[in-house]
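Comments concern the structure below.
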Amino acid sequence: MIEMEWALIIGFIAAGIRTSAPLMLASLGETIVERGGILNLGIEGAMLISAFTGFMGAFLSGNLWIGLLMAILGGILTVITFGILVVRINLDQVVSGLAINLLAAGLCLYFFRLAFSQGAFPYLSELIGPYPIPLLSQIPVIGEVLFNQTIFVYVGIVSVPITYYLIFKTSYGLKLRSVGEDPLVASYLGIEVSKIRYTALILEGIFVGMAGGLLCLSMFNVFDTRIVAARGFVAVSIVILGRWNPVGAFAGSLLFGFTEALSLWIGTFLIGPESASISQLLSLLPYLVTLIALLIGGRRVRGPAALGSPFSKE
Amino acid sequence: MKTSLVVAVVVVAIVIVGAAYAYTSIIAPAQKFKVAAIYVTPIEETWNQVLHNALLKAKNELGIDYAYSEKVSESDVERVIREYINSGYKLIMPHSWGFWETTDRLAPQFPNVYFAQGSGLCKNFGKNLALYDYYIQEAAFEAGAIAAKITKTNKLGIVTAFPGVGDVNNLLNGFIAGAKYVNPNINVTISYINSWYDPAKAKTAASALIASGVDVIYAERYGVFEACKDPSGKVLAYAFGNIVDQNSLAPDVVVGSVTWDLYPMVKTFIQGAQSGNFPAGVYYTTMKTGGSKFVWNSAFAQNLTAVKAFADNLESLIINGTIKWTVDGNLVPLSTPNFAEPKP
C-alpha cells in the first residue's frame, strides 16, 4: 500500500513537470525579449509554426531530431519576422504579435494542405520519449521524477541558471536590460539597440521552437492547428508572474503545470464518477492560482520601463 | 482607329456569346446532382473529416457534384446556404451544431431542396429535412464490453471533453452500458479535460487514470495513447480510439476504434432525394446500416480470439435487435434509441 502511494506521488510529480515543460521553455524565451523591451504576443503563433515545421521535418525525414531542428528553425524564423516588424519597421508590438498569430494559423493550414492530400491522416510513428540519465535516474523518487524525463525538461531546467547568468551577470545582459529600460539613453551610450534586440529574439526563437516542437514531437504525434491551446499566452502571463526573472518564470511554470495536473488528478481520485459537476471548477484552478499569485506577489512589481513601446533614434 | 476598335469589340463580343451558347447547349454535360456541405472549422477536424470523406467517396461512386465551405461562422451560414440554393444545389448539409436553428428555419421555405443537419434540435422536418448525429453508441457499447473482458483491475476510464454534452454522453453511456453488460460491478471513471482539443491535457488526465488503477481507457479525445506506455515501452493500459480509425497511431496500445462512417447515410440521402423518397426526420447511423462500426486493431484481433468471437456475436445481437439497453443516472442520453435493461 505504501509502495502504491509512492508510485502515485511520483506519477503526479512527473506529470506536473511534464505539463510545465512547454511553459518553462516558452516563458524563459519571453523573459529574455521582454527584458529587452519587446512584448512578443506572437509567441503563440511562433509555437504553432515550430510545432508544424517540427512535425513536417520529422515526418518527411523520418528522423525526430531533424524534426526538432526544423522546429527550432521555424521558431527562430517566426520570431525574427516579428522582430523585423517591431524593431526595423517600428510597428506596434501588440498588433504585430497578434498579426503573427493569425498569420501562423493560416500558413500552417495552407502548407499542411499543400503537403497532404485531402482526407490524409499523417502521423509520426514514434515520439521523442524520456531519456533516463544514467546513474542519476536510479536515485529513488528524485531520480524517477527529475532524471527520467524528456530532453525538453532537461533543457528547460538547465536553461534557468544559464538565462539568469546571461541577463544579470554578463555585459550583454546589462545592455539588454538598459535597452529594455530606456533604449534612447542606451543608444546614446553607444549600444546598438536593434542588434541587442535581434540577438534576444533569436534566443527566444530557439526556446519557443523547442516549446512548439515538444508539442508535436514528444507530446502528441499528429499535427493540428489547435495544438498550442493558448500555452503561448499563458507563458506571457508567467513572465509577468515571474517578475521578468528566469527563476520566477521557472517557478511560475511549475506552479501552473502542477495546478493543471492537480486539477485533472483530483477529478480522478477524490471525486470519481461524480466529477462531472466539479471538473469545470477544477479546470479553473491553474488560472485562479496564477491570479492569486499575481495579487499577492505582483502588486509592487514594475516591468522593464520601455516594454512594448516602439523605438527609433529619430 | 475608332472604327477598328468598334469592329474589334463587336467581333470579341460575338465570339464570347457564341462560345457561351455552344458551351451551354452542346458541350456542357447533363447536370449532376449537386451536394454542398458547410463546416464551421477546417475540414481536417475529425468531425468534419468523416463527412468530407463520405462525400468525396459519393463524388466518385455516385457521380455527384460536391462543393463545400469551411470556417463558416454561425452568423454567416444563412448567406452560404442561400447561395448554394441559388446555384442549384439540391442537398445542403450544414455540419455543425451551431447551424441547426438556421437550417430548421430555412428548410420549410425551400421545399424543393433537401437539408441534412449535422447535430442539433431540429423540429421542422417536413419532407425535406433530416437530422443526424454521431450515433455510434452501439460501437461504443461493443468497445465497453471488450474493455470489461480484457481489464485485469476491473477499473475502466474515459477521457472526454466537457460534462453535459448530449451527443458525447450518448457515446459514454454506450461504453459504460457495454462494460456493465459484461460485468455489472465494473468501475468506470470519467475524466473531463474541459477542452475539445488538447492532447497534452488528455495525456495528463490519462496518466492520472492509470495511476488510479485503470487499465483500459476509452479515448473519446486525442492524447490518451501517449500516456499508456511507461518510459521503457511497457504497456500500462490499453485504449480505444474514437470517431475515426486511430489504430495505427499507437499499434501496441489501441485495441480498436469506435468509428463513424457517413457514407451509407450520404448514399441514402442522395438516392432518396433523387427518387423522391428522402428520409426526413432523425437519421440514426446504426451498426445495422453500417454507420457505426467497431474497427479492430488486427494484431489484437489475432491475439484475443475468444474476446473477438464474443464481440462478433455481440455485434450480430445488436444488429438483429436482441441486445437493447438503457442508460440512466446523471448521464442522460441525448435521445432514442431507447434500450431496455441489460441482460447478461
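This structure is a prediction, so every number in the text was calculated from the model and none was measured. All values below were derived from every heavy atom in this structure, side-chain atoms included, with hydrogens, water molecules and symmetry-related copies excluded. Here is how names work: the chains are called A, B, and so on, in the same order as the sequence lines, proteins then strands, and each is numbered from 1.
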Worked verdict on B:Ser207 versus A:Trp265 for side chain to side chain contact (heavy atoms under 4.5 Å, CB included) = CA-CA 9 Å; B:Ser207 67; A:Trp265 282 57; 3.8 Å; yes

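- The two atoms that bring A:Arg113 and B:Pro42 nearest to each other are NH2-CB, 3.7 Å, heavy atoms only.
- For chain A, no part of B:Ile210 is nearby; none of its heavy atoms comes within less than 4.5 Å.
- When heavy atoms are compared at a cutoff of 4.5 Å, B:Lys57 does not approach chain A at all.
- Within the 4.5 Å cutoff, no side-chain heavy atoms of B:Asp245 are placed close to those of A:Phe121.
- Atom CG of A:Leu114 sits in a crowded spot, with more than 12 heavy atoms from other residues, nucleotides or ligands closer than 6.0 Å.
- Under the 4.5 Å side-chain criterion, counting only non-hydrogen atoms from C-beta, B:Ser195 is not in contact with A:Arg226.
- B:Phe162 touches chain A through its side chain: at least one heavy atom from C-beta onward sits under 4.5 Å away, while N, CA, C and O do not.
- Within a 6.0 Å sphere centred on CD1 of A:Ile151, other residues, nucleotides and ligands contribute 12 heavy atoms or fewer.
- Shown here is A:Tyr131, whose OH atom has no more than 12 heavy atoms of other residues, nucleotides or ligands within 6.0 Å.
- Heavy atoms closer than 4.5 Å to chain B are found in the side chain of A:Phe112, but not in its backbone.
- Heavy atoms closer than 4.5 Å to chain A are found in both the backbone and the side chain of B:Ser248.
- Taking OG1 of B:Thr204 as the start and CE of A:Met219 as the end, the distance is 6.5 Å to the nearest 0.5 Å.
- A 6.0 Å sphere centred on CD1 of A:Ile142 holds no more than 12 heavy atoms belonging to other residues, nucleotides or ligands.
- The contact between B:Ile193 and chain A is made by backbone and side chain atoms together, counting heavy-atom distances below 4.5 Å.
- In terms of non-hydrogen atom pairs under 4.5 Å with chain A, the most contact-rich of B:Glu226, B:Lys229, B:Gln246 is B:Glu226.
- Between A:Leu264 and B:Lys201 the shortest heavy-atom distance is CD1-O, 3.4 Å.
- In this structure, B:Ala211 and A:Leu8 approach most closely via the heavy-atom pair O-CD2, 3.1 Å.
- Taking CG of A:Asp224 as the start and CD of B:Glu45 as the end, the distance is 7.0 Å to the nearest 0.5 Å.
- Residue A:Thr150: no heavy atom, backbone or side chain, is found under 4.5 Å from chain B.
- How far OH of B:Tyr222 is from CD1 of A:Ile227: 11.0 Å, rounded to the nearest 0.5 Å.
- For NZ of B:Lys267, the number of neighbouring non-hydrogen atoms (other residues, nucleotides, ligands) closer than 6.0 Å is 12 at most.
- For A:Leu109, the part lying under 4.5 angstrom from a heavy atom of chain B is the side chain only.
- The minimum heavy-atom distance linking B:Gly223 with A:Phe220 is given by the pair N-CE1, 3.7 Å.
- Sparse packing is recorded around OH of B:Tyr238, with 12 or fewer heavy atoms of other residues, nucleotides or ligands lying under 6.0 Å away.
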Apply side chain to side chain contact (heavy atoms under 4.5 Å, CB included) to the pair A:Val222 and B:Glu44, showing each step before the final yes or no.
-> CA-CA 11 Å; A:Val222 177; B:Glu44 278 77 9; over 6 Å; no

